[in-house]
Amino acid sequence: MSLLFLFSCCPPEVVTFPQNVEQVSEIAILCNDNEIPLIPFGSGTGLEGGINAVKGGVCVDLTHMNEILSVNPEDFDCTVQSGVTRMQLNNYLRDTGLWFPIDPGADASLCGMCSTSASGTNAVRYGTMRENVLNLEVVLADGRVINTAGKGRRTKKTSAGYNLTNLFVGSEGTLGIITKASLKLFGIPEATVSAVCHFPDVQGAVDTTVQVLQCGIPIARIEFLDEVSIDAVNKYSKMDMKVAPSLFLEFTGTPSSLDEQAALVADLCSMNNGSDFKWAKDPEERSHLWKARHDILYACMALKPGSKPYSTDVCVPVSKLPEIIKRSKEEITKAGVCDSFMLGHVGDGNFHTLFLADPNNPEEVQIVKDVSNKIAEMSLEMNGTCTGEHGIGQGKRELLVQEIGETGIQVMKQIKQTLDPKGIMNPAKVFY
Ligand SMILES: Cc1cc2nc3c(=O)[nH]c(=O)nc-3n(C[C@H](O)[C@H](O)[C@H](O)COP(=O)(O)OP(=O)(O)OC[C@H]3O[C@@H](n4cnc5c(N)ncnc54)[C@H](O)[C@@H]3O)c2cc1C
């Protein structure tokens with residue numbers, strides 16, 4: 001399924017399937033010598049057109065490099081090749097009592113997740129990829145191989161020189177090809193409880209979120225869905241939740257700490273006029289609830305057969321969420337867009353507006369583009385970002401200039417020029 005109705009599909013001229021870092025390096029040398037574009041491919045779940053071969057060239061499909069190289073349970077870390085996906089890793093880890101919690105919903109490759117600085121529903125507790133990568137092996141445009149923290153190193157802290165690791169996290173394949181990642185792992189929590197609560201308005205849901213964070217409650221997930229999204233979820237996942245702005249919550253810890261946390265959050269919800277607070281304690285009920293949340297894209301698409309989705313991805317300081325959601329809804333109504341759904345990783349101030357449009361109707365596509373841009377510009381006005389987790393890709397290059405400023409962009413381009421002087425790495429992404 002292509003999710004990219006905003007970008008026309010540009011296939012590469014050649015697809016390669018390297019088996020190891022030496023082959024990736026050889027491909028890079030060949031492409032660099034001949035000035036041929038090189039486009040890394042993880043698992044193709046990215047949402048901003050990152051794998052589109054806009055200028056043709058060679059796609060480096062990393063799916064065959066799918067070995068889990070080491071797991072160090074006593075150090076809470078592991079090292080994986082680029083094609084390993086997060087579900088593959090978590091299945092492998094199951095017997096160790098450990099897991100890798102960053103969860104973008106899709107079963108993305110872990111190095112693709114490094115490339116877009118992915119996060120998702122667990123970021124409020126565990127952070128994003130930026131906080132969870134210890135070291136990366138990267139093949140540069142000219143074929144040189146570097147280890148961003150030094151070969152074999154996997155410490156939780158370092159003050160040694162520039163932070164090369166986080167230079168490559170979020171670089172979307174424009175600086176090099178990540179062939180190996182060392183990642184932090186965490187203990188699987190002893191007990192988990194989920195809940196849903198419904199509110200008369202967005203403000204009540206956001207106020208509850210802010211108060212939960214202020215009280216220092218170690219919430220594992222706190223997700224917002226507007227009433228239209230709840231309606232779609234009810235229909236698709238055969239549920240009967242109250243059709244209202246809602247919070248999906250998850251608590252983890254010891255059984256006794258859970259009772260305490262959950263009781264406190266239930267009080268906060270009712271103080272903010274939340275109602276129908278409903279627990280999901282048994283694993284099956286919990287997984288049905290979160291599967292329904294993760295299936296939201298498909299739930300919305302089912303309402304308009306033949307449509308394609310596009311998701312905005314702004315992130316604002318949490319206190320600004322009610323204002324941006326209200327103003328976004330106003331913009332959507334003004335533009336006459338009928339199919340839109342709002343949901344968010346509300347604990348981080350990150351929210352998505354999901355639009356459905358007919359890809360063959362240029363007028364409808366243009367309206368979605370315009371409203372999405374408007375929402376991103378409002379986020380920038382509120383000291384937010386145009387992308388909390390999906391990246392810049394093709395569609396947000398102009399917004400990046402507005403967000404970072406001309407001088408910041410110049411510095412980014414100087415870094416790019418140093419690492420990729422011939423401009424072969426994933427051209428026409430991130431910058432023009
Ligand atoms: C249903 C659905 C829900 C999603 N929800 C979320 C969410 O909640 N949070 C979130 O963060 N994302 C979400 N995403 C987006 C997506 O899963 C992430 O962007 C993910 O990080 C992409 O990983 P990938 O392996 O599929 O990368 P790809 O799509 O293959 O590539 C993405 C970009 O990274 C580059 N790249 C890939 N692998 C490498 C590599 N090894 N080295 C260098 N560059 C590389 C590519 O060139 C491209 O620019 C969702 C996607 C879907 C389909």
Side-chain angles (χ1 to χ4, degrees), residues 1-4 7 12 18 21 24 28 37-54 57-66 80-88 102-124 127-130 133 136-141 148 167-181 221 223 290-291 293-301 308-311 313 315 343-345 348 350-352 354 387-395 420 425-430:
M1 177 186 64
S2 164
L3 291 161
L4 310 174
F7 318 109
V21 62
V24 176
L38 202 47
I39 304 108
F41 177 96
S43 61
T45 68
L47 297 172
E48 290 297 340
I51 52 164
N52 235 357
V54 182
V58 174
C59 168
V60 181
D61 182 323
L62 295 148
T63 47
H64 290 199
M65 291 176 62
N66 61 355
V80 298
Q81 281 188 323
S82 44
V84 173
T85 69
R86 75 178 176 85
M87 283 188 194
Q88 181 191 347
I102 313 305
D103 172 8
D107 188 21
S109 75
L110 291 157
C111 290
M113 288 167 59
C114 293
S115 305
T116 62
S117 191
S119 48
T121 55
N122 289 320
V124 67
T128 71
M129 289 305 283
R130 282 201 198 279
V133 183
L136 295 173
E137 178 186 81
V138 182
V139 174
L140 299 177
T148 55
L167 177 62
F168 286 92
V169 174
S171 63
E172 302 184 46
T174 61
L175 297 180
I177 304 171
I178 303 170
T179 46
K180 194 157 80 173
R221 309 197 226 191
E223 293 283 302
W290 286 103
K291 175 147 185 0
R293 162 62 188 86
H294 281 318
D295 282 348
I296 180 84
L297 180 71
Y298 308 105
C300 297
M301 286 167 70
K308 292 252 174 173
Y310 178 73
S311 171
D313 176 38
C315 185
L343 53 141
H345 313 306
D348 308 311
N350 186 192
F351 90 96
H352 306 297
L354 202 61
T387 173
E389 54 184 19
H390 296 168
I392 297 296
Q394 272 179 266
D420 177 22
M425 289 305 315
N426 210 1
K429 312 294 161 55
V430 182

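Computed from a predicted structure; not experimentally measured. We number each residue from 1, following the sequence as shown. Every number for a ligand or one of its atoms is a count from 1 in the order of the listing.
The side-chain hydrogen bond (donor to acceptor under 3.5 Å, both in side chains) test applied to S171 returns no partner, not counting sequence neighbours. Partners of D61 according to the salt bridge (charged side-chain N to carboxylate O under 4.0 Å, His left out) rule, which considers only residues two or more places apart in sequence or in another chain, do not exist here.
Of the possible donor and acceptor atoms, none in the side chain of R86 sits under 3.5 Å from a partner among the backbone N and O of S109. A donor-acceptor contact shorter than 3.5 Å links the side chain of K429 to the backbone of N52. Formation of a donor-acceptor pair under 3.5 Å by the N426 side chain with backbone atoms of P40 is not found in this model. A distance-only check finds no donor-acceptor pair linking the side chain of E137 to the backbone of Q81 [under 3.5 Å].
For ligand 1, the polar-atom distance check finds no N/O of F41 at less than 3.5 Å from any of the ligand's N/O atoms. Residue G44 has at least one nitrogen or oxygen atom sitting less than 3.5 Å from a nitrogen or oxygen atom of ligand 1, judged on distance alone. For ligand 1, the polar-atom distance check finds an N/O of E389 within less than 3.5 Å of one of the ligand's N/O atoms. On a distance-only criterion, D103 and ligand 1 share no N/O pair closer than 3.5 Å. Inclusion of I39 in the set of residues having an N or O under 3.5 Å from an N or O of ligand 1 is not warranted. The shortest N or O to N or O distance between P40 and ligand 1 is below 3.5 Å. Considering backbone and side-chain atoms together, A108 places no N or O closer than 3.5 Å to any N or O of ligand 1.
Looking at heavy atoms from C-beta onward, D107 lies out of side-chain contact with Q88 at the 4.5 angstrom threshold. Considering only heavy atoms from C-beta on, R221 stays 4.5 Å or farther from R293 through its side chain. A 4.5 Å side-chain heavy-atom check between I178 and S82 finds every atom pair outside the cut-off. Within the 4.5 Å cutoff, side-chain heavy atoms of L38 are placed close to those of I177. Using a 4.5 Å heavy-atom cutoff, the side chains of L175 and M425 are not in contact. L136 places a side-chain heavy atom less than 4.5 Å from the side chain of V169.
In summary, the atoms of ligand 1 found under 4.0 Å from a heavy atom of L47, numbered by their order in the structure, are 14 (N), 15 (C), 50 (C), 51 (C). Contact atoms of ligand 1 toward I177: 42 (N), 43 (C) (distance under 4.0 Å to a heavy atom of the residue). Listed by atom number, the atoms of ligand 1 under 4.0 Å from G173 heavy atoms are 43 (C), 44 (N). Atoms of ligand 1 found under 4.0 Å from any heavy atom of N426 (numbered from 1 in listed order, with element): 47 (O), 49 (O). Which parts of ligand 1 touch G50 is read off a 4.0 Å heavy-atom cut-off, strictly below it: atoms 47 (O), 48 (C), 49 (O). Atom numbering of ligand 1 starts at 1 in the shown order; those under 4.0 Å from a heavy atom of S43 are 24 (P), 25 (O), 26 (O), 27 (O), 30 (O). Shown in contact with M113 at under 4.0 Å from a heavy atom are these atoms of ligand 1, numbered in order with element: 21 (O), 23 (O). Atoms of ligand 1 lying under 4.0 Å from any heavy atom of C111, numbered from 1 in the order shown and given with element: 41 (N).
Looking only at atom types and distance, the side chain of H294 has a donor-acceptor partner in the side chain of D103 under 3.5 Å away. Side chain to side chain, T387 and D313 meet the donor-acceptor criterion of an N or O pair below 3.5 Å.
For the residues G105, S115, C59, the heavy atom positioned nearest atom 39 (C) of ligand 1 is part of S115. Selection from C114, G112, S119 by nearest heavy atom to atom 27 (O) of ligand 1 gives G112. With distances taken over non-hydrogen atoms, the option nearest atom 25 (O) of ligand 1 out of G49, S109, G46 is S109.
Residue contact check for ligand 1: A118 places a non-hydrogen atom closer than 4.0 Å to it. Residue contact check for ligand 1: E172 places a non-hydrogen atom closer than 4.0 Å to it. Ligand 1 has H345 within reach: a non-hydrogen atom of the residue lies less than 4.0 Å from it. Assignment of S311 to the shell around ligand 1 is not supported, since no heavy atom sits closer than 4.0 Å.
Under 4.0 angstrom from ligand 1, the non-hydrogen atoms of L297 all belong to its side chain. With a heavy-atom cut-off of 4.0 Å, H390 touches ligand 1 through its side chain alone. Only the side chain of L62 comes within 4.0 Å of ligand 1, counting heavy atoms alone; its backbone N, CA, C and O stay farther away. Counting heavy atoms under 4.0 Å from ligand 1, residue T116 touches it through the side chain alone.
Under the 30°/60° scheme for interplanar angles, the aromatic rings of H352 and H390 are found to lie parallel.
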